[in-house]
Q: 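Below: one structure in structure tokens.
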Protein chains: 2
Amino acid sequence: MDGLRRDAARNRARILSAAQELIGRGEDLGLNAVARAADVGVGTVYRHFATVEELEEVVVWDRFAELDRMLDEAGPDRFDRILAQHVALLVADPLFEKVTAQPNAVLPETTSRRTALIGRLAEVLAEAQAGGRVRRGVDATAVLLLACGVAHAIRSAQLAPDSAAARALLEVILRGLRP
Amino acid sequence: MDGLRRDAARNRARILSAAQELIGRGEDLGLNAVARAADVGVGTVYRHFATVEELEEVVVWDRFAELDRMLDEAGPDRFDRILAQHVALLVADPLFEKVTAQPNAVLPETTSRRTALIGRLAEVLAEAQAGGRVRRGVDATAVLLLACGVAHAIRSAQLAPDSAAARALLEVILRGLRP
DNA sequence: ATCCTAATCGGATGAGTCATCCGTTTGGAT
DNA sequence: ATCCAAACGGATGACTCATCCGATTAGGAT
């Protein structure tokens with residue numbers, strides 16, 4: 001993002017916001033389509049992002065940041081609440097779920113951001129375990145994957161994120177984590 | 001399958017087995033590719049299956065049958081075992097997981113087979129609840145979705161289905177279902 | 001056995017997407 | 001003001017998709 005010529009930076013930003021737009025509409029990313037939406041040449045998109053995966057990952061960085069903010073803002077005894085919010089985010093954004101679950105990102109930075117996130121989740125988890133609210137013997141990665149799993153199920157079954165059925169699924173996970 | 005001319009039946013079978021083949025190799029189904037692999041005209045594939053989704057669903061019918069067989073063979077106190085086997089199947093076959101989780105199939109028969117399966121799972125669930133091994137208040141659909149969720153997580157994270165990490169995830173679900 | 005026709009086949013083809021390549025433009029250093 | 005490396009953009013060949021229709025075939029009628 002730095003050391004980038006001014007036009008390059010502008011276009012990169014345009015591309016990312018166009019991609020956000022398209023993703024939001026549920027349309028599936030094509031680098032040509034993104035170029036059209038961003039009003040930028042196809043070549044430009046391909047120079048900034050060699051593959052769709054790269055673009056997807058960079059877009060998801062924002063979601064990582066968002067969750068990070070939630071972690072900052074959540075008060076004490078936050079484990080359950082965070083998990084619910086996390087799941088809600090994952091349900092809303094399939095890409096976030098996809099990138100989060102996958103351990104092998106294309107971009108090294110994705111991997112490091114994901115690792116950082118797991119680190120923060122581990123703190124929350126440790127608190128909850130110390131407070132006797134979560135059983136010991138589960139690690140943050142497991143919690144992350146469980147969140148991805150329920151989120152995927154909720155989305156696939158087209159359940160409203162706050163429907164009774166969706167809550168019931170999350171409830172099972174929560175109970176399964178209790179001491 | 002009945003009332004089909006002999007050549008039509010032969011081709012339909014070829015197409016299905018070619019599709020199985022491709023899916024098994026993880027390649028993603030294209031109706032033209034299937035035609036090539038089945039050594040059949042493209043038009044033939046499109047007459048038998050209007051869309052990829054249809055073909056996918058019909059292929060998955062076999063998986064439904066397989067799980068049904070498992071349900072027959074499992075002895076008493078079978079809830080945990082069945083769930084584990086079910087998850088293993090779902091991990092192995094992404095298509096099975098996809099079709100299972102989705103309530104709106106393209107083909108009516110898929111929906112009815114799915115419903116039938118949920119009915120059988122409900123029996124097993126009821127047994128387990130009667131035996132005090134599973135808490136009341138969860139329904140078979142929830143169990144099905146949870147299975148799809150963990151399966152998805154395991155596959156995405158590329159965990160070996162019998163690795164400690166994978167077992168841990170299933171364990172959380174199982175515990176979450178206990179009374 | 002032969003004919004007849006509706007059912008089925010197959011692949012040529014127009015439409016649409018993908019990703020590269022290269023001539024043109026532009027930012028910004030000197 | 002000049003220069004050139006960096007960045008742009010879009011024309012294009014390669015590839016996939018799914019339709020359409022002339023050729024073929026199964027299998028019942030005669």
Side-chain angles (χ1 to χ4, degrees), chain A residues 1-61 94-95 98-99 105-107 109-110, chain B residues 1-60 94-95 98-99 104-107 109-110:
Chain A
M1 204 66 108
D2 306 83
L4 231 48
R5 234 170 64 171
R6 203 173 293 142
D7 53 349
R10 173 176 48 78
N11 283 335
R12 186 187 165 89
R14 274 196 194 182
I15 291 167
L16 281 171
S17 103
Q20 285 273 20
E21 177 85 10
L22 293 188
I23 290 168
R25 277 194 235 135
E27 310 184 21
D28 49 6
L29 247 9
L31 258 25
N32 285 44
V34 171
R36 217 174 307 128
D39 196 30
V40 144
V42 196
T44 303
V45 175
Y46 276 91
R47 190 158 344 85
H48 283 285
F49 306 96
T51 65
V52 210
E53 284 73 31
E54 280 192 17
L55 176 53
E56 288 178 347
E57 288 184 15
V58 176
V59 166
V60 165
W61 291 355
L95 235 46
K98 176 178 159 190
V99 174
V106 177
L107 301 170
E109 174 148 12
T110 306
Chain B
M1 207 61 112
D2 307 83
L4 233 48
R5 234 170 65 171
R6 204 172 289 145
D7 53 349
R10 173 177 47 79
N11 282 336
R12 187 188 166 87
R14 274 197 194 181
I15 291 166
L16 281 172
S17 103
Q20 285 274 20
E21 177 84 11
L22 293 188
I23 291 168
R25 275 194 236 137
E27 312 185 19
D28 50 5
L29 246 9
L31 258 26
N32 285 44
V34 171
R36 217 174 308 128
D39 196 31
V40 143
V42 196
T44 302
V45 175
Y46 276 91
R47 192 164 337 88
H48 283 286
F49 307 96
T51 64
V52 209
E53 284 74 29
E54 281 192 17
L55 176 53
E56 288 178 347
E57 288 183 15
V58 177
V59 166
V60 165
L95 235 44
K98 176 178 159 192
V99 174
N104 308 326
V106 177
L107 300 172
E109 175 148 11
T110 306

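Within every chain, numbering begins at 1; the chains are lettered A, B, ... in the order of the sequence lines, protein sequences first and strands thereafter.
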Q: Please give me the minimum heavy-atom distance between A:E54 and A:F49, naming the atom from each residue.
A: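 The answer is OE1-CA, 3.7 Å.
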Q: Mind calculating the distance between CZ (B:F49) and C1' (D:dA18) to the nearest angstrom?
A: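 The distance from CZ of B:F49 to C1' of D:dA18 comes to 16 Å, rounded to the nearest Å.
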Q: Roughly how far, to the nearest 0.5 Å, is the CD atom of B:E57 from the OG1 atom of B:T51?
A: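 Atom-to-atom, B:T51:OG1 and B:E57:CD are 7.5 Å apart.
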Q: Nearest whole angstrom, please: distance from the P of C:dA19 to the CD of A:E54.
A: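 Distance, rounded to whole Å: 12 Å.
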Q: A:I15 CD1 to C:dA19 C1': how many Å, rounded?
A: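 Atom-to-atom, A:I15 to C:dA19, this comes out as 14 Å.
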Q: Supply the atom-to-atom distance A:R36 CZ to A:L22 CG, rounded to the nearest 0.5 angstrom.
A: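 Interatomic distance, A:R36 CZ to A:L22 CG, rounded to 0.5 Å: 9.0 Å.
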Q: Find which nucleotide of DNA chain D each of B:A50 and B:R10 is nearest to by heavy atoms, and output the residue with the more 5' nucleotide.
A: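 Going by which nucleotide is closer to the 5' end, it is B:A50.
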Q: Is there a side-chain polar atom (N or O) of A:N11 under 4.0 Å from OP1 or OP2 of D:dC8?
A: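 Answer is yes, contact under 4.0 Å.
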Q: Could you grab the distance from atom CG of B:L29 to atom CG of B:L55, nearest 0.5 Å is fine?
A: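 Interatomic distance, B:L29 CG to B:L55 CG, rounded to 0.5 Å: 5.0 Å.
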Q: Side-chain contact, heavy-atom cut-off 4.5 Å: B:T44 with B:H48?
A: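 Heavy-atom side-chain distance check passes, below 4.5 Å.
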Q: Please report the closest heavy-atom contact between A:R14 and A:D39, naming both atoms and the distance.
A: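 Reported closest heavy-atom pair: NH1-O, 3.3 Å.
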Q: Let me know the distance between CG of A:D39 and C1' of D:dC8, rounded to the nearest Å.
A: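 The answer, rounded to whole Å, is 13 Å.
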Q: Just compare D:dC17, D:dA26, C:dG10 and give me whichever is closest to any side-chain atom of B:R6.
A: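 Per side-chain heavy atoms of B:R6, the pick is D:dA26.
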Q: What is the distance from CZ of A:R12 to C1' of D:dC8, rounded to the nearest Å?
A: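 The answer, rounded to whole Å, is 16 Å.
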Q: Specify the separation, in whole Å, of atom CG of B:L29 and atom C1' of D:dA18.
A: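 Taking atom C1' of D:dA18 as the reference, CG of B:L29 is at 15 Å.
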Q: Using 0.5 Å steps for rounding, measure from the CD1 atom of B:I23 to the CD atom of B:E56.
A: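 Rounded to the nearest 0.5 Å, the CD1-CD separation comes out at 6.5 Å.
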Q: If you fit an axis to the five pairs at each end of the helix from C:dA1-D:dT30 to C:dT30-D:dA1, how big is the angle between those two axes, to 10 degrees?
A: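 The angle, to the nearest 10 degrees, is 0°.
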Q: For A:V42 versus A:A35, what's the shortest heavy-atom pair and its separation?
A: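 Shortest heavy-atom contact: CA-CB, 3.8 Å.
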Q: Between P on C:dA19 and CG on A:L31, what's the gap in Å once rounded to a whole number?
A: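 Rounded to the whole Å, the gap is 7 Å.
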Q: For B:N32, answer base if it contacts any base atom (sugar-phosphate contacts may also be present), sugar-phosphate if it contacts only those atoms, and nothing otherwise; contact means non-hydrogen atoms under 4.0 Å.
A: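 B:N32: base contact, heavy atoms under 4.0 Å.
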Q: Please list, for nucleotides 1-6 of chain D, all pairs of protein and nucleotide N/O atoms separated by less than 3.5 Å.
A:
{"from": "D:dA6", "atom 1": "N3", "to": "A:R5", "atom 2": "NH1", "distance (Å)": "2.7"}

Q: Would you indicate whether B:R25, at its atom CZ, is surrounded by more than 12 heavy atoms from other residues, nucleotides or ligands within a distance under 6.0 Å?
A: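 More than 12 within 6.0 Å, yes.
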Q: What pairs of nitrogen or oxygen atoms, one from the protein and one from nucleotides 20-22 of chain D, lie under 3.5 Å apart?
A:
none

Q: With side chains defined as the heavy atoms from C-beta onward, is the minimum distance between B:V58 and B:R12 less than 4.5 Å?
A: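 Yes, close enough: below the 4.5 Å cut-off.
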Q: Quick one: is C:dT8 close enough that its OP1 or OP2 comes under 4.0 Å of any side-chain N or O from B:H48?
A: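 Answer no for this pair, as no side-chain N or O of B:H48 is under 4.0 Å from OP1 or OP2.
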Q: Using 0.5 Å steps for rounding, measure from the OH atom of A:Y46 to the CG atom of A:L31.
A: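 Spacing of OH (A:Y46) from CG (A:L31) equals 4.5 Å.
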Q: At what distance, to the nearest 0.5 angstrom, does CG of A:L107 lie from CD of A:E53?
A: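 Answer rounded to 0.5 Å: 10.0 Å.
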